[in-house]
Protein chains: 2
Amino acid sequence: MAKSTKENRKEEILEAGLEVFAEKGYYNATTAQVAEKAAISQPYVFRFFKTKEELFIAALDRAFERILQTFKNVEAKPDQLVGKMIEAYEELSESHPNEIAVQVIGISVTEKPIQDIAKKGLSQIRSYTLERFKTAGIKDSEREASTFLARGMLCNISYFLDLPELIDEKRK
Amino acid sequence: MAKSTKENRKEEILEAGLEVFAEKGYYNATTAQVAEKAAISQPYVFRFFKTKEELFIAALDRAFERILQTFKNVEAKPDQLVGKMIEAYEELSESHPNEIAVQVIGISVTEKPIQDIAKKGLSQIRSYTLERFKTAGIKDSEREASTFLARGMLCNISYFLDLPELIDEKRK
DNA sequence: TATTTTTGTAATTGATTAATCACTAAATTT
DNA sequence: AAATTTAGTGATTAATCAATTACAAAAATA
């Protein structure tokens, strides 16, 4: 059995945070709920994250890091690039649904430090995608990249709101 | 000078609510701020809206109603439909920025009655657009409609986060 | 084994804020 | 002009929760 080091305690709390934030949103999530899910006391959360905001930022940052990394790991010939990236996104949204939800939530949180992370995340995904599309010689890559991002965002929203019709163009 | 009837008092509060919600988000907006903006006392807000939630719902509902109506008012020949609808959307986002912001905010509010209004709003816009596209004989109308919605949503987000690069493909 | 550090909790606080209560003044109606 | 309704406010309450404090037990170290 794995020893409970300081680092994996922090990891447990972050994971618990992701779950609670994904379900309740930022403002309705309480640090007591996070603690309960991590099976520790409420004050102990603050030994690892100075504030609730800091915990949310860690969660949001992880969500954006993972999706970016997922795209970076995609290997494909130019004409299959877009398809492969969509595939990668779909796998991610099944394997890490809480991180998708947290991305949606992060967008309308008004606390400046959180909003800044959301902006950075979206901005990075957009520029990485654009560069990748350009390199692959995709025509009208600016437009394709922003459409790609837009459709991805709408998928997230569709998932978060449980409104499948938004994107369900009868899966081929 | 216009008499202050009961109805236009309610309207003033709704308008104040739209402003405050757009700026602060749902959870960080206080009924005291709404009252101040409407130049009345905080308790008086509750004479017109039973709860803060009810006020937000009224605001969100208006936002979705207006955008739907805006699309319904678009007249265009089939080959100009999409362009005209984009134009209409752009005008709306200049004339009613707070309603755009409230749409973004509404999406990640977790209170069920609010989420239901957000779902209904998005759903209606999507189906109206789809029917309109179909009628205009647009090819692959399912995909075009969801792309249209997705790009609109990304515009809203881009506006709300003040992140113009997300959509700015050097306006032609 | 005495000491210090680490891991953890129970109890409390301090601030915030939606919503209610108790009331007054002004219109309106009888 | 008395009675009632409408428009409005100041003061308070009741609940919630992030964050702190003040400890205790266990582990590690000297």
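Small disclaimer: the values here were computed from a predicted structure and weren't measured. By convention in this document, chain letters (A, B, ...) are assigned in the order of the sequence lines, proteins followed by strands, and residues within each chain are numbered from 1.
Taking atom CZ on B:R9 and atom P on D:dT6, their separation rounds to 17 Å, with Å as the unit. Taking atom CG on A:N8 and atom P on C:dT7, their separation rounds to 11 Å, with Å as the unit. The separation between A:E36 atom CD and C:dG8 atom C1' is 17 Å, rounded to whole Å.
Listed by chain and residue number, B:T31 satisfy the side-chain hydrogen bond (donor to acceptor under 3.5 Å, both in side chains) test with B:Q42 (two or more places apart in sequence, or in another chain). Taking the side chain to side chain contact (heavy atoms under 4.5 Å, CB included) definition, one finds that A:S41 meets it with A:P43, A:Y44, sequence neighbours left out.
Between B:Y44 and the phosphate of D:dG8, there is a side-chain N or O to OP1/OP2 separation shorter than 4.0 Å.
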Do any side-chain atoms of residues 67-88 of chain B form donor-acceptor pairs under 3.5 angstrom with protein atoms, and if so which ones, sequence neighbours left out?
from: B:T70; atom 1: OG1; to: B:R66; atom 2: O; distance (Å): 2.7
from: B:N73; atom 1: ND2; to: B:Q69; atom 2: O; distance (Å): 3.4

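A cation-pi contact links B:K52 to B:Y26, judged by a cut-off of 6.0 Å to the six-membered ring centre and 45° from its axis. For the pair B:K120 and B:F64, the cation does not sit on the ring face, since its NZ or CZ is not both under 6.0 Å from the ring centre and inside 45° of the axis.
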- Item | Nucleic acid footprint by protein, nucleotides 16-26 of chain C - heavy-atom cut-off 4.0 Å, B for base, S for sugar-phosphate alone | -SBBB------
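The distance from atom CD1 of A:I125 to atom CG of B:L166, rounded to the nearest 0.5 Å, is 10.0 Å.
Classification of A:K112 and A:D116 as a salt-bridged pair holds, one side-chain N sitting under 4.0 Å from a carboxylate O.
The salt bridge (Lys or Arg N to Asp or Glu O under 4.0 Å) analysis of residues 19-39 of chain A, with sequence neighbours excluded, yields the pairs A:E19-A:K37.
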Protein and nucleotides 24-27 of chain D: nitrogen or oxygen contacts under 3.5 angstrom:
none

